[in-house]
Novice: 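I am attaching a structure below and will ask some questions about it afterwards.
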Number of protein chains: 2
Amino acid sequence: MKELTIQQKKVLQCIKFYIKKTGFPPTRADICRELGFKSPNAAESHLRALEKKGYITIENGASRGINLTENSAEKSQTIPVIGLVAAGSPTLADENIEKHIPYQESLFLSEFDYFLRVKGLSMKDAGIMEDDLVAIKKTSEVRNGDIVVARIDDEVTLKYFQSSGDQIKLIPANDDFEEIYINKETEGFFIEGKSVGLVREN
Amino acid sequence: MKELTIQQKKVLQCIKFYIKKTGFPPTRADICRELGFKSPNAAESHLRALEKKGYITIENGASRGINLTENSAEKSQTIPVIGLVAAGSPTLADENIEKHIPYQESLFLSEFDYFLRVKGLSMKDAGIMEDDLVAIKKTSEVRNGDIVVARIDDEVTLKYFQSSGDQIKLIPANDDFEEIYINKETEGFFIEGKSVGLVREN
DNA sequence: ATTTATACTGTATATATATTCAGTATAATT
DNA sequence: AATTATACTGAATATATATACAGTATAAAT
């Protein structure tokens, strides 16, 4: 996928916005109105550049005959899947992203930022199995009983959250695993987010 | 939402299909071509009827100015959620449908027909908890180890499938529950489908 | 040094398109 | 019995729209 110039990006954004707003693509004149061009040929040539670079297709002769290609259309509608590796934090950096899957607005009750691919069986009694995708909302506001993504230095785990006074307990849902105790002296402790849903691909 | 006539449904389907195929809505002439009408006014009057009934909006004067309303856009993209009640089969009949949730094409690897709302903990060791939504594909072709929706008379259950010779075993994933044995004398036994995925709403 | 891409204005025009008007006919509603 | 909705054909037309052509100017690539 060839890089776009700043102006070409603006035109592509304009097309996406127009479709979202109206349900159909803009005319050359519409693009000029939105972006302040005074000649329809300004829009025309940008469209041909976008076509040449593969971001749109144009049906010749058809009014509003602009079609966003999969490549350019998908980007705004996918959610990243991040691998839970023992050492390494689940950030949205490119190198940690396993893949993208199509986003679905109201699949879960609350919004979420990414899927975490679960490794190991430390939460099996909570019905969270190896390779499940846990929907994570990035937040540090968590309550007792929430299933949280916690980071201690470079180690990232998924556990039940339980705080009482100054002490925090991270509780696994599996008798074979140990509870983890956190206190104010513990360094490098951080709540990355909490689970708001789960998806399993059989 | 007012009911549509057969012809109006066809026109609405035609619009949806055209948008999916091309990325932009059809003209009156396009609709005529797809549905065999000989006058653009045939399309025009159907569009005005669809507008009046709230399925689309039309931007007057704009070419291809058809916009599917939220109501009509969702319908083809939702999947039913069916409650698993101890007595009663999970059919797609209206009275058994709990709600619809937005459908997402490639969420799971294989296609599925409905979500089954799980009651009870008979599959807890398989990570299937109360109120989980299990994605069910309607089929009777199942293999050993598949998690299946089985019906015995009016009773419907979710269990592991295991067949050997003439005998079929339905195995729970919970020591508190008993295995169920099926043989050729057993009447009213039927495999409704199998699990191809799971969604949990926290 | 020449070509190609970017980034526009400005004018012109063939045609794609929405939309109105005039009919015909059947079924449903008031 | 009169009106309204459905379901079209067929013709006409104003205008919305894509698109080509003629320029100007700068930056990048070959």
Side-chain angles (χ1 to χ4, degrees), chain A residues 1-19 21-69 71-72, chain B residues 1-19 21-69 71-72:
Chain A
M1 211 67 167
K2 262 196 166 179
E3 274 294 314
L4 294 181
T5 66
I6 295 166
Q7 285 302 88
Q8 287 164 0
K9 274 181 194 168
K10 275 188 191 168
V11 173
L12 186 60
Q13 280 305 311
C14 170
I15 297 167
K16 286 181 182 175
F17 180 78
Y18 193 99
I19 292 174
K21 198 178 62 179
T22 67
F24 45 87
T27 64
R28 277 57 167 170
D30 290 330
I31 295 171
C32 290
R33 210 170 304 121
E34 299 271 354
L35 298 178
F37 302 151
K38 285 175 185 163
S39 168
N41 190 41
E44 176 72 20
S45 35
H46 279 132
L47 289 176
R48 294 300 165 183
L50 287 170
E51 187 188 30
K52 209 170 180 181
K53 291 184 176 178
Y55 288 80
I56 62 172
T57 58
I58 298 173
E59 188 168 321
N60 294 304
S63 65
R64 305 178 188 271
I66 301 168
N67 191 9
L68 297 171
T69 58
N71 224 315
S72 76
Chain B
M1 211 68 168
K2 264 197 166 178
E3 273 294 314
L4 294 181
T5 66
I6 295 167
Q7 285 303 85
Q8 288 164 0
K9 274 181 193 166
K10 274 188 191 169
V11 173
L12 186 61
Q13 280 305 309
C14 169
I15 296 167
K16 287 180 182 176
F17 180 78
Y18 193 99
I19 292 174
K21 197 178 66 180
T22 68
F24 46 87
T27 65
R28 276 56 168 170
D30 290 330
I31 294 171
C32 290
R33 209 171 304 120
E34 298 272 353
L35 298 179
F37 302 151
K38 283 175 186 164
S39 169
N41 189 40
E44 176 72 20
S45 36
H46 280 133
L47 289 177
R48 295 300 166 182
L50 287 171
E51 187 188 29
K52 209 170 179 181
K53 291 184 176 178
Y55 288 80
I56 62 172
T57 58
I58 299 174
E59 189 169 321
N60 293 304
S63 65
R64 303 178 189 272
I66 300 168
N67 191 9
L68 297 171
T69 57
N71 223 316
S72 78

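Letters A, B, ... are given to chains in the order of the sequence lines, protein chains preceding strands, and every chain is numbered from 1.
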Novice: Taking distance alone, no hydrogens or angles, what donor-acceptor pairs closer than 3.5 Å link side-chain atoms of residues 23-33 of chain B to residues at least two apart or in another chain?
Specialist:
unit_1	atom_1	unit_2	atom_2	d
B:Thr27	OG1	B:Ala29	N	3.3
B:Thr27	OG1	B:Asp30	N	3.0
B:Thr27	OG1	B:Asp30	OD2	3.1
B:Arg28	NE	B:Glu44	OE1	2.7
B:Arg28	NH2	B:Glu44	OE1	3.2
B:Asp30	OD1	B:Arg33	NH1	2.9
B:Asp30	OD2	B:Tyr18	OH	3.1
B:Asp30	OD2	B:Thr27	N	2.9
B:Asp30	OD2	B:Arg64	NH1	3.1

Novice: For the helix from C:dA1-D:dT30 to C:dT30-D:dA1, how many degrees between its two end axes (five pairs per end), to the nearest 10°?
Specialist: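 Inter-axis angle at the termini of the helix from C:dA1-D:dT30 to C:dT30-D:dA1: 30°.
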Novice: Rounded to whole angstrom units, what separation is found between the CZ atom of B:Phe24 and the C1' atom of D:dT17?
Specialist: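 For the pair B:Phe24 CZ and D:dT17 C1', the rounded distance is 13 Å.
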Novice: Taking all heavy atoms of B:Leu12 and all of B:Leu4, pick out the closest pair and write down the distance.
Specialist: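 Heavy atoms only, the tightest pair is CD2-CD1, 3.8 Å.
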Novice: For A:Gln13, check side chain to side chain donor-acceptor pair (under 3.5 Å) against everything at least two apart and list the hits.
Specialist: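 Partners of A:Gln13 under the side chain to side chain donor-acceptor pair (under 3.5 Å) test: none.
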Novice: To the nearest Å, how far apart are B:Ile31 CD1 and C:dT19 C1'?
Specialist: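 It is 14 Å, rounded to the nearest whole Å.
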Novice: Report the residues that fulfil ring pair (Phe, Tyr, Trp, His ring centres under 6.0 Å) with B:Phe37, sequence neighbours left out, ordered by chain and then residue number.
Specialist: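 Expected list: B:His46.
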Novice: For A:Ser45, enumerate each residue passing the side-chain contact (heavy atoms from CB on, under 4.5 Å) test, keeping only those at least two apart in sequence or located in another chain.
Specialist: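 With neighbours one apart ignored, the set is empty.
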Novice: Run the side chain to side chain donor-acceptor pair (under 3.5 Å) test against A:Glu59 and tell me which residues pass, sequence neighbours left out.
Specialist: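 If we apply the side chain to side chain donor-acceptor pair (under 3.5 Å) test to A:Glu59, skipping adjacent residues, there are no hits.
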Novice: Hey, are the side chains of A:Ile15 and A:Leu47 touching, using non-hydrogen atoms and a 4.5 Å cut-off?
Specialist: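 Heavy-atom side-chain distance check passes, below 4.5 Å.
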Novice: Test your reading of the model: is there a side-chain donor-acceptor pair from B:Asn67 to the backbone of A:Thr22, 3.5 Å cut-off?
Specialist: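 Pair found, side chain donor or acceptor close to backbone of A:Thr22.
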Novice: Atom pairs, N/O to N/O, protein against nucleotides 26-30 of chain D, distance under 3.5 Å?
Specialist:
none

Novice: With B:Lys21, which residues qualify under side-chain contact (heavy atoms from CB on, under 4.5 Å), at least two apart?
Specialist: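 With neighbours one apart ignored, the set is B:Phe17, B:Glu34.
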Novice: Whole angstrom is fine here: how far is it from CZ in A:Arg33 over to P in D:dA16?
Specialist: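 After rounding, the reported distance stands at 10 Å.
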Novice: To the nearest angstrom, how far is B:Glu44 atom CD from D:dA11 atom P?
Specialist: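 Whole-Å distance recorded here is 18 Å.
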Novice: Tell me every residue that passes side-chain contact (heavy atoms from CB on, under 4.5 Å) with A:Ser39, counting only those two or more places apart in sequence or in another chain.
Specialist: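 Scan of A:Ser39 (side-chain contact (heavy atoms from CB on, under 4.5 Å), adjacent residues dropped) gives A:Asn41.
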Novice: What string of B, S and - do you get for nucleotides 3-12 of chain C 5' to 3' if you count protein non-hydrogen atoms under 4.0 Å?
Specialist: --SSSBBB--
Novice: Are any of the side-chain heavy atoms of B:Ile66 and B:Glu51 separated by less than 4.5 Å?
Specialist: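 Side-chain contact under 4.5 Å: no.
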Novice: For DNA chain D, what residues of residues 58-66 of chain A have any heavy atom nearer than 4.0 Å?
Specialist: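 Of all residues in residues 58-66 of chain A, the ones placing a heavy atom under 4.0 Å from DNA chain D are A:Asn60, A:Gly61, A:Ala62, A:Ser63, A:Arg64.
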Novice: According to side-chain contact (heavy atoms from CB on, under 4.5 Å), who are the partners of A:Lys38, at least two apart in sequence or on a separate chain?
Specialist: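 Expected list: none.
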Novice: Over how many whole Å does the gap from A:Asp30 atom CG to D:dT17 atom C1' extend?
Specialist: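 The answer, rounded to whole Å, is 10 Å.
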Novice: To the nearest Å, how far apart are B:Arg28 CZ and D:dT13 C1'?
Specialist: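 After rounding, the reported distance stands at 15 Å.
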